[in-house]
Protein chains: 2
Amino acid sequence: MERVTLSRRKRPLSNEVCDRIVNDYIANGNVKPGSLLPSEKELTAKYDVSRVTLRAAIKSLHDRGLVSVRNGVGATVLPRPPVSSKIVHHLERLASLDKAASEAGKLLETEDLKWGESIVTPEISTKLRLPVGDPVYFVQRSKILDEARIAWTIDWLPTTIIDLDLIRSEFKGSLLDALLQHSELELNYADLEIVPQILNSEIAEHLGTPTGGPVLYLDTVVYGAAGQPDIWGQVWVLPEHVRFFIRRHMQF
Amino acid sequence: MERVTLSRRKRPLSNEVCDRIVNDYIANGNVKPGSLLPSEKELTAKYDVSRVTLRAAIKSLHDRGLVSVRNGVGATVLPRPPVSSKIVHHLERLASLDKAASEAGKLLETEDLKWGESIVTPEISTKLRLPVGDPVYFVQRSKILDEARIAWTIDWLPTTIIDLDLIRSEFKGSLLDALLQHSELELNYADLEIVPQILNSEIAEHLGTPTGGPVLYLDTVVYGAAGQPDIWGQVWVLPEHVRFFIRRHMQF
DNA sequence: AAGTGGTCTAGACCACCTG
DNA sequence: AGGTGGTCTAGACCACTTT
């Protein structure tokens, strides 16, 4: 019995249990990839939680790609995803490139940072659903890893959602991370389109590389809880330094 | 009261309820984007299910990007994702390009189909964890949409998981779809790496286009329930005809 | 037959939002 | 204060896998 105290608890109990299972069985290799976790019955007894709660924890492990679960068999620990010295950016979760870098033990630096106000063009209008000609904020900058320019970014945001000077003062490299701090914005999900492109002269100049090479263009619209678009982000990333991964699941 | 019969039911009740909500409120526009669904209390009464079951259905709606849910407020119907005349391939679920095409009302045709047996190279060895020099099956083909070549594909698979002639006889355009029919393989998830490339002469020849243009290279390893790699797929797709989307969620 | 996960229920308490 | 969603429990029955 190792009951987690119910009082003064912030995180859901199922999250707590999920982390405990990772620590107790997976991270330290107590249960090796290919082997089974203890049964749900044993785990409910060990952590003194209901089966519903335990199953929520197992579901999280599955969603994170750590185990696969089979009826009548149990939960098998899966091998870790490939690791690399490059930054590995997992696209299935809404997180910034800066966060992916710091998880790889690297620091992304920001250069050529420029904040400003512009006018809504037809293209911005389709992305942010704002009238053409209205004012719109933008932020542009390049990202540096180990003294190499690896990405060029422009973000557009409606003037109505937040004060530009406020977010500017809170900016520490990632606009997304700064805006996520404002829970009142209720940023909720994003639609990301992935397009391979050839480096044109404009982007190549920002990145300080020759034109003609391959570049990954990521077009992201971040939506709030009511489904209204709140940020339109455009990023061009050089593939030499960042690997883009998605873990795709079977479902339904 | 519209209780779903419990007997002779195959699908989970929560799935049933999920679809009913889509049909009764979302698909027909009875609740417009930006408006709230009825409360959980009302919905449990309407469908005569427990709150746990209803919440599982709401969770599915959220995972599918149809609603956002706020504590103390309710579930807001979200606007539909962007539509397009191109094929839209959603990468967060494990599904074939052929399926994405058919969901867009298009038919992907297959040309230059070739089945064969080869020898494990060092690169194949790292992907499929097979000894170098062992035999391995491969399938290569190009995909045609509206008489245009849009993709070139090679899949590699261990000789041990299935008989090549069997899967060949069941092949209807998509190797993944054919293998997914074999539930004994327990295909479970896939790690997809996304790389922008410049068309080289080999791939350009397969695609019948000039070299030097942008192409999206998708490197996929499909894993079984025990975490063993079962398929290594390499796909080069021309961006003119297919749009690649991911809906990224906030989590934890 | 025994053990595993898959699903469902009824009821409870809490946190959050709105008037 | 009242309604909404967020979490948790104990117990039940079913489907699947293994012995």
Side-chain angles (χ1 to χ4, degrees), chain A residues 1 3-18 20-21 31 35-62 67-77 183-186 188 224-226 250-252, chain B residues 1 3-18 20-21 31 35-63 67-77 183-184 186 188 224-226 250-252:
Chain A
M1 292 290 211
R3 173 177 276 281
V4 182
T5 40
L6 282 161
S7 57
R8 261 176 279 136
R9 177 165 43 80
K10 302 171 192 172
R11 294 170 56 208
L13 187 51
S14 56
N15 259 16
E16 194 77 35
V17 172
C18 178
R20 299 278 290 265
I21 295 175
V31 178
S35 299
L36 292 170
L37 288 180
S39 71
E40 294 183 353
K41 193 178 174 189
E42 289 175 78
L43 291 173
T44 53
K46 175 172 169 68
Y47 297 119
D48 192 22
V49 295
S50 74
R51 198 166 154 229
V52 175
T53 302
L54 182 85
R55 283 182 59 75
I58 301 276
K59 176 69 160 47
S60 290
L61 296 177
H62 173 260
V67 302
S68 83
V69 187
R70 282 172 287 180
N71 194 344
V73 180
T76 306
V77 175
S183 56
E184 77 275 11
L185 292 177
E186 298 183 300
N188 193 259
M250 296 288 309
Q251 219 113 347
F252 296 98
Chain B
M1 294 290 208
R3 174 176 276 281
V4 182
T5 39
L6 283 161
S7 57
R8 260 175 279 138
R9 177 165 44 80
K10 301 171 192 175
R11 293 169 57 206
L13 187 52
S14 56
N15 259 15
E16 194 77 36
V17 172
C18 177
R20 300 277 291 263
I21 295 174
V31 178
S35 299
L36 293 169
L37 288 179
S39 71
E40 294 183 353
K41 192 178 173 190
E42 290 175 76
L43 291 173
T44 52
K46 175 173 170 68
Y47 298 118
D48 192 22
V49 295
S50 76
R51 198 166 152 227
V52 175
T53 302
L54 183 83
R55 282 181 61 76
I58 301 277
K59 177 69 162 47
S60 290
L61 296 177
H62 173 260
D63 289 346
V67 302
S68 85
V69 186
R70 281 174 287 180
N71 195 343
V73 181
T76 306
V77 175
S183 56
E184 78 275 11
E186 297 183 301
N188 193 259
M250 295 288 311
Q251 221 114 348
F252 296 98

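Quantities reported herein were computed from a predicted structural model and do not represent experimental measurements. Proteins come first, then strands; the chains are lettered A, B, ... in the order of their sequence lines, and each starts at number 1.
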Once rounded to the nearest 0.5 Å, what's the spacing between atom [atom1] of [X] and atom [atom2] of [Y]?
X: Arg51(B); Y: Ile58(B); atom1: CZ; atom2: CD1; result: 10.5 Å
X: His62(B); Y: Thr76(B); atom1: NE2; atom2: OG1; result: 11.0 Å
X: Thr53(B); Y: Asp48(B); atom1: OG1; atom2: CG; result: 10.5 Å

Between [atom2] of [N] and [atom1] of [X], the distance in whole Å:
X: Leu36(B); N: dG3(D); atom1: CG; atom2: P; result: 16 Å
X: Lys41(A); N: dA10(D); atom1: NZ; atom2: P; result: 15 Å
X: Leu43(A); N: dT4(C); atom1: CG; atom2: C1'; result: 12 Å
X: Asn15(A); N: dT7(D); atom1: CG; atom2: C1'; result: 11 Å
X: Tyr47(B); N: dT9(C); atom1: OH; atom2: P; result: 14 Å
X: Glu16(A); N: dT9(D); atom1: CD; atom2: C1'; result: 18 Å
X: Leu54(B); N: dT7(C); atom1: CG; atom2: P; result: 16 Å
X: Glu40(A); N: dG6(C); atom1: CD; atom2: P; result: 6 Å

Could you go through nucleotides 11-14 of chain C and list every protein N or O atom that sits under 3.5 Å from one of its N or O atoms, giving the distance for each pair?
unit_1, atom_1, unit_2, atom_2, d
dA12(C), N6, Arg51(B), NH1, 3.3

Which heavy atom in [X] sits nearest to a heavy atom in [Y], and how many Å separate them?
X: Cys18(A); Y: Leu61(A); result: SG-CD2, 3.6 Å
X: Ala57(B); Y: Val17(B); result: CB-CG1, 3.8 Å
X: Asn188(B); Y: Ser68(A); result: OD1-CB, 3.5 Å

Quiz item: Taking OP1 and OP2 of dT7(C), is either one under 4.0 Å from a side-chain nitrogen or oxygen of Ser14(B)?
Solution: no

Quiz item: Does Arg55(B) make a side-chain N or O approach to OP1 or OP2 of dG6(D) shorter than 4.0 Å?
Solution: yes

Considering only nitrogen or oxygen atoms on both sides, find all protein atoms under 3.5 Å from nucleotides 17-19 of chain C and state each distance.
none

Quiz item: Would you say the side chain of Val77(B) lies within less than 4.5 Å of the side chain of Ser35(B), judging by non-hydrogen atoms?
Solution: no

Quiz item: Can you tell if the side chain of Val67(A) reaches within under 4.5 Å of the side chain of Ile21(A), non-hydrogen atoms only?
Solution: no

Exercise. Check every atom of dG5(C), dA10(D), dG5(D) against the side chain of Ser50(A) and return the nucleotide holding the closest atom.
Key: dA10(D)

